[in-house]
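Data first, discussion second: the structure below is written as structure tokens.
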Number of protein chains: 2
Amino acid sequence: MGKPTVHDIAEEAGVSLATVDRVLNERPGVRTMTAQRVHSAIDKLGYVRDVHAANLARGRQYRFAFVLPEGQSQFLKALREAIDEAGVGLRLERVALDTIEVPLNDSVGMIRGLEALQDQGIDGLAIMANETPVVRDMIAHMKESGIAVVTLVTDQPNAERDHFVGIDNVAAGRTAGVLMGRFLGGRYGRVMVVVNSTHARDMVQRRLGFDAVINEQFPNLHTLPSLEGHDEQERTATVIAQALANQDNIVGLYCAGAGTRGVTQVIAEQGLAERIVVIGHELTIHARQALKDGLLDVVITQNVGHLVRSATRVLRAKCDGRDIIASQERIRIEIVLRENLP
Amino acid sequence: MGKPTVHDIAEEAGVSLATVDRVLNERPGVRTMTAQRVHSAIDKLGYVRDVHAANLARGRQYRFAFVLPEGQSQFLKALREAIDEAGVGLRLERVALDTIEVPLNDSVGMIRGLEALQDQGIDGLAIMANETPVVRDMIAHMKESGIAVVTLVTDQPNAERDHFVGIDNVAAGRTAGVLMGRFLGGRYGRVMVVVNSTHARDMVQRRLGFDAVINEQFPNLHTLPSLEGHDEQERTATVIAQALANQDNIVGLYCAGAGTRGVTQVIAEQGLAERIVVIGHELTIHARQALKDGLLDVVITQNVGHLVRSATRVLRAKCDGRDIIASQERIRIEIVLRENLP
DNA sequence: AGAAAATTGATTGACGTACCTCAAAACTCC
DNA sequence: GGAGTTTTGAGGTACGTCAATCAATTTTCT
């Protein structure tokens with residue numbers, strides 16, 4: 001009464017094992033009629049192929065590559081570490097993970113990097129990159145040559161990716177908005193918003209969500225135009241310090257980008273922790289420390305471990321032609337306070 | 001250059017396959033000296049046994065059982081659904097999940113239920129139950145007969161369980177405390193606390209964390225003695241209504257237990273949504289709706305899907321004698337607002 | 001009808017491990 | 001040094017699937 005095997009469906013369909021195998025692996029030389037008989041036997045018995053036995057037999061290795069932008073940000077570092085850590089455990093599962101880093105705004109370098117990948121015979125790709133035509137074409141090209149592609153952290157909704165692994169950034173911005181409004185408890189004032197770049201899709205979305213909530217629910221607050229930090233600590237610190245000097249009655253600061261370090265630096269230097277509600281993104285080690293020190297009130301984050309594992313699960317499912325369990329692959333918007341620091 | 005196999009370690013150790021097999025599966029009849037040679041060959045080559053091939057060979061089935069308290073609460077319902085859902089996907093992994101329900105405060109019934117399990121030849125157990133001597137002895141008994149045991153949702157720190165799958169309830173209470181304090185933005189008043197039962201360990205811990213934060217950080221607030229709802233909507237609604245009538249200046253309500261429905265019922269009836277900050281636990285369908293309707297400000301929750309998958313991963317690792325990846329098995333305290341509702 | 005082509009069956013050997021048997025070799029102990 | 005015991009080796013079968021070969025059968029076409 002165990003699970004049905006190929007033998008059982010061969011018997012049920014009244015064909016030989018060889019034929020069942022041909023049908024299952026879509027090899028030629030089977031009449032449509034016969035194939036149909038096999039398929040209905042599969043349905044009737046509820047056969048599902050034993051992926052592990054199959055992989056064992058064919059000596060299959062899944063080769064997945066993570067394509068990340070070059071950069072020293074703590075978020076990227078944590079992401080790379082998560083990839084390495086996941087890679088260790090996945091070796092037992094016949095999955096090999098590679099990481100390649102491509103220059104952020106250098107399309108030629110990116111194309112070169114990805115072409116190298118293709119020659120290596122990669123099975124799947126998780127790509128984190130800004131939305132550009134070059135990337136979009138690259139994804140289309142990869143898909144054409146049978147490589148599964150997921151976008152990571154930043155989506156490319158117009159590209160033919162199989163799946164997006166990351167959070168809904170509008171919702172993340174909205175979440176930041178409510179927390180900002182509620183933590184300020186009715187106080188009147190202005191809220192500064194810092195982004196990495198006003199062009200990046202995720203920054204735009206977070207800002208959108210943030211402003212929407214503030215405008216809808218907190219008429220006592222006024223959001224200022226975005227400041228650009230460009231992912232650099234010094235630059236972020238400078239623009240913030242400048243803005244603080246020029247504006248009065250700043251009660252909140254939302255750092256929608258990853259460069260929280262520059263923010264906390266200014267907050268610490270000017271001793272603003274008590275007076276200003278500060279909300280940042282991505283739970284890096286610096287953000288953790290800042291939370292503990294009270295320099296940061298809230299961090300909105302996505303778990304890098306989940307990102308990596310979800311991406312590999314999705315890629316594997318796509319390679320095997322299986323469906324994914326959507327509920328399992330939804331990346332949560334995590335709200336971290338000092339009190340629930342994991 | 002592939003992964004080393006048993007053949008490779010046989011050669012490296014200068015012994016036969018049979019001997020390697022005896023060592024790996026701890027079968028008798030191998031001199032300590034020889035076993036040592038095999039072990040050092042394993043270390044040297046970095047051999048890791050292919051679990052899937054092994055399971056295939058021995059036709060292994062992992063049989064795990066979830067032991068849940070009887071009850072109709074939405075949380076339990078969601079947990080049961082998560083178990084069923086996970087069970088479907090896990091069939092391919094040779095894991096069979098069962099759920100059994102035992103009467104909450106009936107030790108005899110519980111023992112009977114668990115004894116039935118033992119006879120069925122179960123490999124692992126995930127148990128959610130109040131901390132009692134009966135349960136503790138049961139766990140010890142199970143462990144003795146070689147069954148892996150994890151506690152679920154509620155820990156039994158004095159029992160010899162292999163692992164606890166659930167959140168840190170003190171931290172959860174603290175999280176509720178900060179959110180309560182900050183959402184109230186300096187207002188003065190009293191905060192009501194509702195629990196299922198003042199005896200349950202997790203309720204005590206949440207209450208502890210909640211009070212600690214309020215006392216440390218929010219002198220403007222005063223927490224009232226716990227009200228008991230006993231997991232019943234009507235009863236919860238009654239005690240809250242009563243307390244509201246007897247106390248003035250209630251500004252917050254923390255429902256540490258799962259019976260959020262009774263709370264939202266009263267809030268809706270008396271139109272208190274705007275005046276009182278309400279924080280509850282567990283994101284059931286009712287809690288979702290209440291968040292959307294603004295009857296609930298925050299829900300602190302643990303993802304039931306994660307709970308179930310983590311429990312099965314841990315049990316499987318224990319059965320295989322593998323280590324778990326601690327970071328992957330830490331269940332997050334999730335903060336859910338209307339804006340980041342998943 | 002006969003030849004050519006397409007389809008199907010039967011069989012075999014992997015993959016990496018478990019588990020069993022039987023015989024050979026190596027150790028005890030007196 | 002011989003009997004007894006313990007340890008080791010050699011070999012086979014199985015798990016569920018893939019992949020390949022070669023022969024046998026059926027279909028298609030002329």
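To find a chain, count down the sequence lines: A is the first, B the second, and so on, and within it residues start at 1.
In this model, the phosphate group of D/dA10 is not approached by any side-chain N or O of B/S16 to a distance below 4.0 Å at OP1 or OP2.
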Exercise. How does protein contact run along nucleotides 13-19 of chain C, one letter per nucleotide 5' to 3', with B for base contact, S for sugar-phosphate only, - for none, heavy atoms under 4.0 Å?
Worked result: --BBBBB
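The closest side-chain heavy-atom distance from A/D84 to A/E81 is not below 4.5 Å.
Results of the side-chain contact (heavy atoms from CB on, under 4.5 Å) test with A/I127 over A/I100, A/L152, A/V153, A/V149 single out A/V149 as the only residue that passes.
Rounded to whole angstrom, the span from the CZ atom of A/R37 across to the C1' atom of D/dT26 amounts to 13 Å. One atom, CZ of B/R22, and another, C1' of D/dA10, lie 10 Å apart when rounded to the nearest Å. If you measure from atom CZ of B/R60 to atom P of D/dG16, you get 16 Å, rounded to the nearest angstrom. The CD atom of B/E93 sits 16 Å away from the P atom of D/dG16 (whole-angstrom rounding).
Other residues, nucleotides and ligands contribute over 12 non-hydrogen atoms within 6.0 Å of the CD atom of A/E329. In this structure, A/D43 places its CG atom where more than 12 heavy-atom neighbours from other residues, nucleotides or ligands lie under 6.0 Å away.
Under 3.5 Å, the side chains of B/T312 and B/E93 contain no donor-acceptor pair of N or O atoms.
Both tests do not hold together for A/R161 against A/F164: distance to the six-membered ring centre under 6.0 Å, angle to the ring axis within 45°.
Positionally, the nearest nucleotide of DNA chain D for B/A35 lies more toward the 5' end than for the other of A/R31 and B/A35.
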